[in-house]
Amino acid sequence: MTDEKLDQILKQALAPEISDREIRVRRERKGKMKKLGKTGKAAAVIAMAVIGIGGLGCFNPVLAAKIPLVGKIFEKVEDDVTYSGDYTDKETVLTNEDHAGNLDTSDYSASDKGITLTASEVYCDGYSIFLTVNIEAEDADFTHIPKHYTGMNAADNRTAAGFYIGGTWSVGGNSPEQLENTFEGEVIDSRTFAGMLKVNLTEKVTDSGELNLNISGLGYDDDRMLDSEEISASHWTDGSWNIVLPFEVNGTDVKTIEVGEKKGNITLDDIVVSPYQVIVHATTPGKQRELTDDRREKLLSKNPDLTDAEMLELLGLTYEPCQTICFDQDGEMLYSDMEMAGRAGFAVQGKKIKTLYIFIFDNLDDWAQMESEGMNSSVADKAVIAKEIHVE
């Protein structure tokens, strides 16, 4: 469905007085919510997951301000976010905070519209950048931000609050890409949110670099509006928060396993295992993911705001995503966060990965059935590729 068609549907379904900007915000927020997880047990259940909301109103803002937070956000949120794990000694601390709330540097902080965003720590495995931030607002009430599930099952009791982000990012002077994920983390008090953002790099990085964040909007849901038809980004602020963050690739415990197996119209290229994620690189033949400088220059001359992904789509060079499921040596399914063309990402969530079982489907219904039934699903033999990978 095109954005224009979705706009028409929204205009018909929502109140006549709703503005075009609000329709755009709602559409963008709805799209980002889908990217928090796929359907089934691995989905991020925002609308239903009002978990522990009552306790959120018990914060003491004065007490919270006396506890140094910036510089220790990974430690604060690492157990509950989707890409959980022990980040100790792997992250680079960008900004510290003393007991009075003073920052040791303002280089990684930006303020606009009464909202201050401060980058705290950063980790990069060469394929993604994991960034922690502290968000403070002069006039807000974050205690009504609902939580969503970040574990495979509700029984895991793993939940995190979400904070929406709009804008672009770029690395190494490349064309900007749209920010697609949300901040996941914890409400500290009525005006403070601490969270983590994961940015998937379009190309592998092997050295140090700079991440340019150009944030154009921030927003969050409100559990008091759960009964309404559309709660997404009920609190949204347009603005400008621009930060340039240095990072270094930490290759410790990052392993790439070459596969190169082709069956049907799918090729399983390789598998990357890092401390916090598993990445399955799989492609379909017949289309080359190549954007030459000449093509880029011509497209940018017509529209300078186009991202590389948008240009690839316009040129018909993008791959269709596969439908991938991943299990560990115990037959436990790994949390599938988001699948894009050529790449499927899974959260390790503290598991020790020794063996991986990869199933790649070209049929969404078969994928959904296996997600529901588990590794011994009756549709396992319908996978185009089923591969056992020994990591250790």
Side-chain angles (χ1 to χ4, degrees), residues 37-38 40-42 74 78-79 81-91 123-130 150-153 156 158 196 198-207 248-263 266-283 321-361 367 370-371 373-377 379-381 383-392:
K38 290 185 177 179
K41 293 183 292 183
F74 270 132
E78 63 185 13
D79 290 334
V81 294
T82 298
Y83 284 86
S84 57
D86 185 2
Y87 286 80
T88 306
D89 299 328
K90 287 189 171 62
E91 84 279 17
Y123 165 79
C124 179
D125 61 4
Y127 297 87
S128 301
I129 295 175
F130 302 78
T150 60
M152 287 303 301
N153 303 284
D156 295 339
R158 287 170 41 88
M196 184 181 85
K198 176 174 177 279
V199 175
N200 293 322
L201 299 170
T202 55
E203 297 179 356
K204 179 182 177 181
V205 177
T206 59
D207 204 348
E248 292 186 4
V249 174
N250 185 339
T252 305
D253 301 322
V254 179
K255 179 181 290 188
T256 301
I257 302 170
E258 301 291 341
V259 181
E261 180 171 334
K262 179 181 177 181
K263 289 186 178 180
I266 295 176
T267 301
L268 174 55
D269 298 311
D270 61 59
I271 296 169
V272 178
V273 181
S274 88
Y276 314 109
Q277 66 177 337
V278 170
I279 302 172
V280 178
H281 289 123
T283 55
C322 307
Q323 309 296 332
T324 309
I325 295 182
C326 188
F327 300 87
D328 67 6
Q329 64 277 354
D330 299 318
E332 294 186 8
M333 185 164 54
L334 300 188
Y335 190 110
S336 175
D337 181 30
M338 183 171 64
E339 186 159 0
M340 63 185 71
R343 169 176 172 158
F346 302 87
V348 171
Q349 299 193 325
K351 296 180 175 68
K352 183 67 174 179
I353 304 298
K354 298 179 179 180
T355 304
L356 290 170
Y357 297 92
I358 310 296
F359 295 85
I360 304 178
F361 296 89
W367 172 90
M370 186 172 210
E371 186 198 45
E373 296 176 350
M375 195 169 80
N376 295 321
S377 171
V379 298
D381 59 350
V384 178
I385 291 180
K387 189 72 174 178
E388 178 180 347
I389 303 293
H390 295 286
V391 179
E392 290 190 350

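What you see below is based on every heavy atom in this structure, not just the backbone, and it leaves out hydrogens, waters and symmetry mates. None of the values given here were measured: they were computed from a predicted structure. For the single chain, residues carry numbers from 1 onward in sequence order.
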Crowding at CD, E203 (>12 non-hydrogen neighbours, <6.0 Å): no
Step through the shown structure and confirm whether more than 12 heavy atoms of other residues, nucleotides or ligands are within 6.0 Å of CG on D89. no
How long is the span from the NZ atom in K387 to the OH atom in Y357, to the nearest 0.5 Å? 12.5 Å
What I want to check is whether the side chains of S84 and D79 have a donor and an acceptor closer together than 3.5 Å. no
A side-chain contact here means heavy atoms from C-beta on lying under 4.5 Å apart; do [X] and [Y] qualify?
{"X": "Y127", "Y": "T256", "answer": "yes"}
{"X": "V272", "Y": "V254", "answer": "yes"}
{"X": "C326", "Y": "I271", "answer": "no"}
{"X": "I358", "Y": "V259", "answer": "no"}
{"X": "F346", "Y": "M333", "answer": "no"}

Hey, which of L334, V391, I389 is the one that makes side-chain contact (heavy atoms from CB on, under 4.5 Å) with V278? L334
Could you pull out the closest heavy-atom pair between F130 and Y83, with the gap in Å? CE2-CB, 3.9 Å
When every non-hydrogen atom of G374 is compared with those of F327, the smallest separation belongs to C-CZ, 3.7 Å
If we ignore hydrogens and angles and just use 3.5 Å, is the side chain of [X] paired with the main-chain N or O of [Y] as donor and acceptor?
{"X": "R158", "Y": "V81", "value": "yes"}
{"X": "Q329", "Y": "T355", "value": "yes"}
{"X": "Q349", "Y": "T150", "value": "yes"}

The side chain to side chain contact (heavy atoms under 4.5 Å, CB included) partners of E248 (sequence neighbours excluded) come to S208
Hits for side chain to side chain contact (heavy atoms under 4.5 Å, CB included) against E78, two or more places apart or cross-chain, chain-then-number order -> F74, D86, Y87
Using the side chain to side chain donor-acceptor pair (under 3.5 Å) definition, which of the options D270, T267, D269 pairs with H281? D270
Residue list, salt bridge (charged side-chain N to carboxylate O under 4.0 Å, His left out) with D253, at least two apart or on another chain: K90
